[in-house]
**Q** 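Structure below; questions to follow.
Below, all heavy atoms of this structure are taken into account, side chains as well, without hydrogens, waters or symmetry copies. Counting from 1, the numbers follow the sequence of the chain as shown. These numbers were taken from a predicted model, which means no experiment stands behind them. Just follow the structure's listing: the first ligand is 1, and inside any ligand the first atom is 1.
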Amino acid sequence: MLLVDAPPGGPRPPARTWCFWEEPGGGYDSVLTAGWDRLRVHGGDGRPVLARIAPLRYKMLRSPDFERLVAARLATAPWIRRVEASVTEVRDDAGGALVRGTTAAGGAAAWRTRWAFDSRPPSALPRARTTLLQHFRGWFVRAGTPVFDPAVADLMDFRTPQPPHGLSFGYVLPLDDRTALVEYTEFSPAVLDDAGYEAALRHYTRDVLGLPQLRILSTEQGVIPMTDGRFPRRAGASVFRIGAAGGATRPATGYTFAAVQRQAAGVAAALAAGRDPVPARLPGPRAGDGRRAAAGAGHRPGGRRRLLHPAVRPCPGRAAAALPGRP
Ligand SMILES: Cc1cc2nc3c(=O)[nH]c(=O)nc-3n(C[C@H](O)[C@H](O)[C@H](O)COP(=O)(O)OP(=O)(O)OC[C@H]3O[C@@H](n4cnc5c(N)ncnc54)[C@H](O)[C@@H]3O)c2cc1C
């Protein structure tokens with residue numbers, strides 16, 4: 001098995017922070033940065049709703065820790081070879097697939113395989129009725145005094161000023177009583193410029209949260225398309241798209257990480273069983289709900305926050321059932 005990943009720089013994404021829902025005892029628990037059993041949501045009216053989410057936990061995993069763990073596991077599997085190259089083409093070839101790329105040293109490379117699984121971001125989004133962007137910037141911050149409650153994650157805080165189309169919210173994921181990841185997120189048609197994100201985060205941390213002066217340790221940002229279009233998972237007889245490129249993003253929430261893990265496990269199981277390894281689509285009804293919610297967030301300004309606010313309710317059983325992105 002050959003794993004081709006882009007060399008540092010170029011198409012390789014910068015370090016990211018993934019959060020996802022899972023019961024304790026998951027495969028990445030040993031390298032999590034943090035985890036929470038209690039979540040809080042603030043409505044636009046400022047009313048907080050706090051919920052315990054047992055038996056689940058909301059887990060934070062940083063991509064460098066994930067990559068180190070996976071690299072160590074792969075190093076014990078002699079049938080897996082790793083190569084650094086920028087892939088330029090993946091297509092069907094006689095009896096299998098052909099993958100072409102450029103190595104870090106600039107040389108051309110090509111590999112023939114029985115199956116190819118392509119996780120490169122698609123060059124275009126699928127045709128859709130609704131496409132919103134979930135775009136966000138976050139700061140890892142450090143305060144001089146204890147200001148955060150590390151037992152509670154503020155998941156969606158709608159006390160942010162709302163954009164004319166779509167919605168916005170802040171969130172606070174504390175690592176200890178002085179350190180947290182604080183983010184400003186919009187679901188809207190277009191990204192903000194640099195000054196827009198900075199102003200939104202300053203307003204959220206200072207005016208909404210009332211935090212004292214903060215030291216910004218690092219910044220991360222991203223754009224996740226939220227669309228009711230369908231991503232084709234099969235690109236040829238032997239070529240499949242996987243991950244976000246294969247439709248693993250939940251349309252209403254942007255959560256992708258847990259679905260990617262499940263999709264990859266399904267592919268591995270199919271290969272082991274000698275079946276065609278077609279990556280699974282997101283479970284039907286939830287994906288459908290998500291597509292309707294994405295459409296609602298885009299088109300129904302009055303109801304948009306209600307679409308997300310019920311995600312966490314005081315009743316734990318219902319909260320667990322309604323959590324966005326739950327595996
Ligand atoms: C900043 C940020 C934060 C996010 N947070 C969350 C979160 O909290 N929870 C969540 O569920 N989702 C989150 N997401 C969504 C995120 O897209 C997915 O969680 C996840 O990274 C998607 O996995 P993937 O494998 O499909 O794509 P990626 O993680 O983007 O992986 C693609 C891989 O393909 C490689 N690659 C790309 N192009 C080439 C090329 N030409 N040649 C060779 N290799 C190539 C890259 O190096 C990379 O290894 C976040 C996204 C961003 C950007």
**Q** Name the closest protein heavy atom to atom 23 (O) of ligand 1, giving the residue it belongs to and the distance to 0.1 Å.
**A**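 Heavy-atom neighbour on the protein nearest atom 23 (O) of ligand 1: Val260 CG2, 4.1 Å.
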**Q** Aromatic ring centroids of Tyr184 and Tyr204 under 6.0 Å?
**A**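 Tyr184 vs Tyr204: aromatic centres not under 6.0 Å.
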**Q** Under 3.5 Å between some N or O of ligand 1 and some N or O of Gly222?
**A**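 N/O-N/O distance under 3.5 Å: no.
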**Q** Show which atoms of ligand 1 fall inside a sub-4.0 Å distance from at least one heavy-atom site of Phe136.
**A**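 Under 4.0 Å from Phe136, ligand 1 has these atoms: 1 (C), 2 (C), 3 (C), 52 (C).
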**Q** Take Tyr28 and Glu22, measure what side-chain hydrogen bond (donor to acceptor under 3.5 Å, both in side chains) needs, and give me the verdict at the end.
**A** CA-CA 10 Å; Tyr28 307 119; Glu22 195 182 50; over 6 Å; no
**Q** Taking atom CZ of Arg202 and atom CG of Asp207, what is their separation to the nearest 0.5 Å?
**A**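 Separation between the atoms: 11.0 Å.
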**Q** Identify, for atom 44 (N) of ligand 1, the protein heavy atom at the shortest distance, and state residue, atom and that distance.
**A**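 Heavy-atom neighbour on the protein nearest atom 44 (N) of ligand 1: Ala6 N, 3.2 Å.
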**Q** Could you check atom 39 (C) of ligand 1 against the protein and tell me its nearest heavy-atom contact, residue, atom and distance included?
**A**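 For atom 39 (C) of ligand 1, the nearest protein heavy atom is Arg120 CG, 3.4 Å.
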**Q** Below 3.5 angstrom, do we get any N/O pair linking Thr256 and ligand 1?
**A**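 Min N/O separation from ligand 1 is below 3.5 Å for Thr256.
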**Q** Considering only the protein, which heavy-atom contact is closest to atom 34 (O) of ligand 1, and what is its distance?
**A**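 It is Ser119 OG, 3.3 Å.
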**Q** If we only count heavy atoms from C-beta on, is the Glu220 to Phe140 side-chain gap below 4.5 Å?
**A**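 In short, these two side chains touch, coming nearer than 4.5 Å.
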**Q** Could you check atom 42 (N) of ligand 1 against the protein and tell me its nearest heavy-atom contact, residue, atom and distance included?
**A**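 Looking only at protein heavy atoms, the one closest to atom 42 (N) of ligand 1 is Val87 N, 2.8 Å.
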**Q** Can a donor-acceptor pair be found, under 3.5 Å and without considering hydrogens, that links the side chain of Trp21 to the backbone of Ala258?
**A**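 No; judged by distance alone, with no hydrogens or angles, the pair does not exist.
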**Q** For Phe257, counting its heavy atoms only, list the atoms of ligand 1 lying under 4.0 Å from any of them.
**A**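 Going through ligand 1 atom by atom, the ones under 4.0 Å from Phe257 are 10 (C), 11 (O), 12 (N), 19 (O).
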**Q** Please report which non-hydrogen protein atom sits nearest to atom 53 (C) of ligand 1, along with the residue it belongs to and the distance in Å to one decimal place.
**A**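 Ranking protein heavy atoms by distance from atom 53 (C) of ligand 1, first comes Arg16 CD, 3.8 Å.
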**Q** Evaluate Ala258 for polar contact with ligand 1, using N/O atom pairs at a separation under 3.5 Å.
**A**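 No - when backbone and side-chain N and O of Ala258 are compared with those of ligand 1, no distance drops under 3.5 Å.
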**Q** From Arg40 CZ over to Leu155 CG, what is the distance, rounded to the nearest 0.5 angstrom?
**A**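 Answer rounded to 0.5 Å: 11.0 Å.
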**Q** Could you state the interatomic distance from CH2 (Trp111) to CG (Leu98), rounded to the nearest 0.5 Å?
**A**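 Between Trp111 CH2 and Leu98 CG, I get 10.0 Å after rounding to 0.5 Å.
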**Q** Which of the atoms of ligand 1 are close to Ser86, meaning less than 4.0 Å from one of its heavy atoms?
**A**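 Within the 4.0 Å cut-off of Ser86, ligand 1 contributes 42 (N).
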**Q** Ring centroid separation for Phe136 and Tyr171, is it under 6.0 angstrom?
**A**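 No, too far apart.
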**Q** Please report the shortest heavy-atom distance between Ala6 and Ser86, naming the atom on each side.
**A**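 Closest approach of Ala6 to Ser86: CB-OG, 4.5 Å.
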**Q** Can you name the nearest heavy-atom pair linking Gln263 to Ala248, along with the distance?
**A**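 That would be OE1-CB, 4.3 Å.
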**Q** Any N or O of Glu220 that comes nearer than 3.5 Å to an N or O of ligand 1?
**A**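 No, Glu220 has no N/O under 3.5 Å of an N/O on ligand 1.
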**Q** Counting non-hydrogen protein atoms only, what is the nearest one to atom 16 (C) of ligand 1? Give residue, atom name and distance.
**A**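 Answer, as residue, atom name and distance: Trp18 NE1, 4.0 Å.
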**Q** Specify side chain, backbone, both or neither for Phe20, according to which of its non-hydrogen atoms lie closer than 4.0 Å to ligand 1.
**A**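 None of Phe20 does.
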**Q** What's the separation between atom CZ in Arg127 and atom CG in Asp228, rounded to the nearest 0.5 Å?
**A**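 Going from the CZ atom of Arg127 to the CG atom of Asp228 covers 11.0 Å.
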**Q** Answer yes or no: does an N/O atom from Pro13 fall short of 3.5 Å to an N/O atom of ligand 1?
**A**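 Looking only at distances, the answer is no, because the N/O contact criterion of under 3.5 Å is not met.
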**Q** Under a 4.0 Å heavy-atom limit, does Arg12 contact ligand 1 with its side chain, its backbone, both, or neither?
**A**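 The answer is both.
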**Q** Identify, by atom number and element, the atoms of ligand 1 in contact range of Ala85, meaning under 4.0 Å from any of its heavy atoms.
**A**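 Every atom of ligand 1 under 4.0 Å from some heavy atom of Ala85: 42 (N), 43 (C).
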**Q** Which of the atoms in ligand 1, numbered in the order shown and given with their element, are less than 4.0 Å from a heavy-atom of Gln221?
**A**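 The list of qualifying atoms is 1 (C).
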**Q** For atom 26 (O) of ligand 1, which protein heavy atom lies nearest, and how many Å away is it?
**A**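 Answer, as residue, atom name and distance: Ala244 N, 2.7 Å.
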**Q** Please round to the nearest 0.5 Å and tell me the distance separating atom CG of Leu125 and atom OG1 of Thr131.
**A**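 That separation rounds to 6.0 Å.
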**Q** For ligand 1 and Ile224, I'd like to know whether there is a polar contact (N/O to N/O, distance under 3.5 Å).
**A**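 It does not: no N or O of Ile224 is found under 3.5 Å from an N or O of ligand 1.
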**Q** So Val278 and Phe240, do their side chains get closer than 4.5 Å, heavy atoms only?
**A**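 The answer is yes; the side chains approach within 4.5 Å.
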